[in-house]
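As structure tokens, the structure follows; a few thoughts come after it.
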Amino acid sequence: MTALLQVEGLRVEFRSRRGAAMVLNGVDLHLNPGETLCVVGESGCGKSMTALALLRLVPSPPGRISGGRVTYRGEDLTQASEARMREVRGDRISMIFQEPMTSLNPVYTVGDQIGETLRLHAGLSPAAARQRAIEMLRQVGIPAPERRLDDYPHQLSGGMRQRVMIAMALACQPDVLIADEPTTALDVTVQAQIFDLLRDLQRDKGTAIMLITHDMGAVAEMADRVIVMYAGRVIEQGSTAQVLGTPQHPYTRGLIACLPELGSSRLGERRDLPEIPGVVPSIWELGRGCAFRERCPHALERCAQEVPAMLDTGGGHGAACWLLVEREGAVRA
């Protein structure tokens with residue numbers, strides 16, 4: 001299958017008085033039509049920065065895309081003009097941002113904000129854009145959309161604001177939807193409703209979804225494929241069954257081991273959850289070698305000297321870990 005979106009060697013650096021720091025360091029990923037790719041990892045690993053880089057929204061200065069390619073339908077977006085990117089954003093590639101209260105403009109009604117997207121990209125008249133906005137609010141499950149259209153963001157609940165963001169992102173029926181932790185701070189009932197909504201819209205329109213999350217439960221529920229990020233690099237990738245069922249990287253195994261298991265202990269028995277020791281290193285402290293080595297119980301001498309290559313363990317499953325070199329069949333991806 002030809003990838004709809006292909007990212008190769010993506011690098012993003014930020015400059016400060018201390019010099020240049022590499023926030024993304026050679027990210028590779030692809031997204032196929034109609035599939036859901038989940039990007040997981042701890043806070044600060046580069047998930048959201050990857051999404052911003054795909055849409056050329058890295059704040060500049062101090063940040064900039066310093067290398068790599070982002071290819072959408074054969075077009076390298078890193079070389080596109082700003083005018084071209086304005087055509088792509090919100091039309092062919094849309095994004096649901098992490099916090100809707102800060103992403104929606106507080107001085108415009110939600111109808112005005114959805115309508116602006118439709119007038120800009122679809123060329124609709126104000127009346128037609130308003131009618132289409134009502135249809136989108138109804139589609140994402142907001143009751144009385146004709147009335148809610150004239151509400152301001154502060155008049156809506158967190159779940160309804162997130163639905164407005166989804167409606168805005170999907171108004172022009174994009175090929176790619178990037179959802180950056182779309183259920184953060186929402187209760188579990190609303191989370192389930194939003195995931196159901198994304199699945200329904202994907203089924204009806206064939207939209208490819210890149211879901212950024214740290215919630216492994218959401219990964220198990222939503223993903224076709226998974227990539228795991230750490231310190232600005234992809235350190236494991238594969239199908240959901242492969243990554244969750246047979247994780248190859250020590251970091252991925254640690255993430256999964258930290259999940260509580262319902263019914264895993266006898267009634268009344270307390271079970272302490274394991275933890276990954278240490279913290280994600282600062283971008284100023286990465287140095288040479290594997291960024292996870294100080295937290296890894298299996299670190300080798302080689303891990304302090306060389307950045308591990310992505311090794312293929314078979315069936316499209318790969319991990320960037322020198323331990324795999326010792327296993328038969330692990331080859332450079």
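Position 1 is the first residue of the sequence, and the numbers go up from there.
The hydrophobic clustering, which links ILVMFWY residues whose side-chain heavy atoms are closer than 4.5 Å, places L211 and L55 together. Y152 and I114 sit in two unconnected hydrophobic clusters of ILVMFWY residues. Membership requires side-chain heavy atoms under 4.5 Å apart, directly or through other members. Under the 4.5 Å side-chain heavy-atom criterion for grouping Ile, Leu, Val, Met, Phe, Trp and Tyr, V307 is not connected to F292 through any hydrophobic cluster. Connection of M49 to M22 is not established within any shared hydrophobic cluster, with ILVMFWY side chains joined at heavy-atom distances below 4.5 Å, either directly or through further cluster members. If you chain together hydrophobic residues whose side chains sit under 4.5 Å apart, V219 and I276 fall into the same group.
In this structure, W322 contributes its side chain and E306 its backbone to a donor-acceptor pair below 3.5 Å. Under a 3.5 Å cut-off, the side chain of R293 and the backbone N or O of A304 do not form any donor-acceptor pair. A distance-only check finds no donor-acceptor pair linking the side chain of R148 to the backbone of G111 [under 3.5 Å]. Distance alone, capped at 3.5 Å, is enough to place a donor-acceptor pair between the H121 side chain and the R89 backbone. Using a distance-only test at 3.5 Å, with no hydrogens or angles considered, a donor-acceptor pair links the side chain of T240 to the main chain of A223. At distances below 3.5 Å, at least one donor-acceptor pair connects side-chain atoms of E35 with backbone N or O atoms of N32. At distances below 3.5 Å, at least one donor-acceptor pair connects side-chain atoms of Q202 with backbone N or O atoms of T207. At distances below 3.5 Å, at least one donor-acceptor pair connects side-chain atoms of S60 with backbone N or O atoms of G63. A donor-acceptor distance shorter than 3.5 angstrom exists from the side chain of R56 to the backbone of A80, with no hydrogens or angles considered. No donor-acceptor pair under 3.5 Å is formed between the side chain of K47 and the backbone N or O of M229.
Between atom CG of residue L54 and atom CD1 of residue I178 there is a gap of 5.0 Å, rounded to the nearest 0.5 Å. Rounding to the nearest 0.5 Å places CG of L197 at 10.5 Å from CD of Q162. Atom CG of D196 sits about 8.5 Å away from atom CE of M222, to the nearest 0.5 Å. In this structure, CD on Q242 lies 12.5 Å from OG1 on T252, to the nearest 0.5 angstrom. R161 contributes atom CZ, which lies 11.5 Å from atom CE of M165 (distance to the nearest 0.5 angstrom). Within the model, atoms CG of L137 and CD1 of I142 stand 4.5 Å from one another, a figure rounded to the nearest 0.5 Å.
Contact check for V7 versus T50: no side-chain heavy atoms found under the 4.5 Å cut-off. Between I166 and P182 there is no side-chain heavy-atom pair separated by less than 4.5 Å. Proximity of R203 to D200: side-chain heavy atoms (C-beta onward) are separated by under 4.5 Å at one or more points. In this structure the side chain of R253 reaches within 4.5 angstrom of the side chain of H298, judged on heavy atoms. Side-chain contact between Q6 and R69: absent, with no pair of heavy atoms (C-beta onward) separated by less than 4.5 Å. You'll find the side chain of L24 stays beyond 4.5 Å of the side chain of R11, heavy atoms only. Using a 4.5 Å cut-off on side-chain heavy atoms (C-beta onward), L10 and I65 make contact.
The two residues A3 and H30 make their nearest non-hydrogen contact at CB-CB, 3.9 Å. Annotation for Y230 and V280: closest pair OH-CA, 3.7 Å, computed over non-hydrogen atoms. Minimum heavy-atom separation, C321 to L311: O-CD1, 3.4 Å. When every heavy atom of N105 is checked against every heavy atom of P153, the shortest pair comes out as O-CG, 3.6 Å. When all heavy atoms are compared, the tightest approach of H317 to D312 is O-OD1, 3.0 Å. V39 approaches M210 most closely through the heavy-atom pair CG2-CG, 4.0 Å.
Side-chain contact of Q248 with T313: a donor-acceptor pair under 3.5 Å is absent, judged by distance alone. Residues E42 and Y251 have side chains that bring a donor and an acceptor to within less than 3.5 angstrom of each other.
Summarising the local packing, CD of E82 is surrounded by more than 12 heavy atoms from other residues, nucleotides or ligands at distances under 6.0 Å. Environment of CD in Q139: crowded, with over 12 heavy atoms of neighbouring residues, nucleotides or ligands closer than 6.0 Å.
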Audit row: V234, D28, side chain to side chain contact (heavy atoms under 4.5 Å, CB included) steps and yes/no: CA-CA 7 Å; V234 176; D28 295 314; 5.8 Å; no
Worked verdict on D175 versus R73 for side chain to side chain contact (heavy atoms under 4.5 Å, CB included): CA-CA 10 Å; D175 295 327; R73 294 191 180 276; 3.2 Å; yes
Pair V325-R302, side chain to side chain contact (heavy atoms under 4.5 Å, CB included): steps then yes or no: CA-CA 11 Å; V325 174; R302 187 178 187 181; 4.2 Å; yes
Stepwise side chain to side chain contact (heavy atoms under 4.5 Å, CB included) check, Y72 with L4: CA-CA 6 Å; Y72 166 71; L4 182 63; 4.1 Å; yes
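A salt bridge links D150 with R130: the distance from a Lys NZ or Arg NE/NH1/NH2 to an Asp or Glu carboxylate oxygen falls below 4.0 Å. Taking 4.0 Å as the cut-off between side-chain N and carboxylate O, R295 and E275 do not count as a salt-bridged pair. For the pair R138 and E135, the salt-bridge criterion is not met [side-chain N within less than 4.0 Å of a carboxylate O]. The existence of a salt bridge linking R84 and E87 is confirmed by a sub-4.0 Å separation between a basic side-chain nitrogen and an acidic carboxylate oxygen.
Of the candidates L170, D180, I209, L177, I96 forms a side-chain contact (heavy atoms from CB on, under 4.5 Å) with just one, namely L177.
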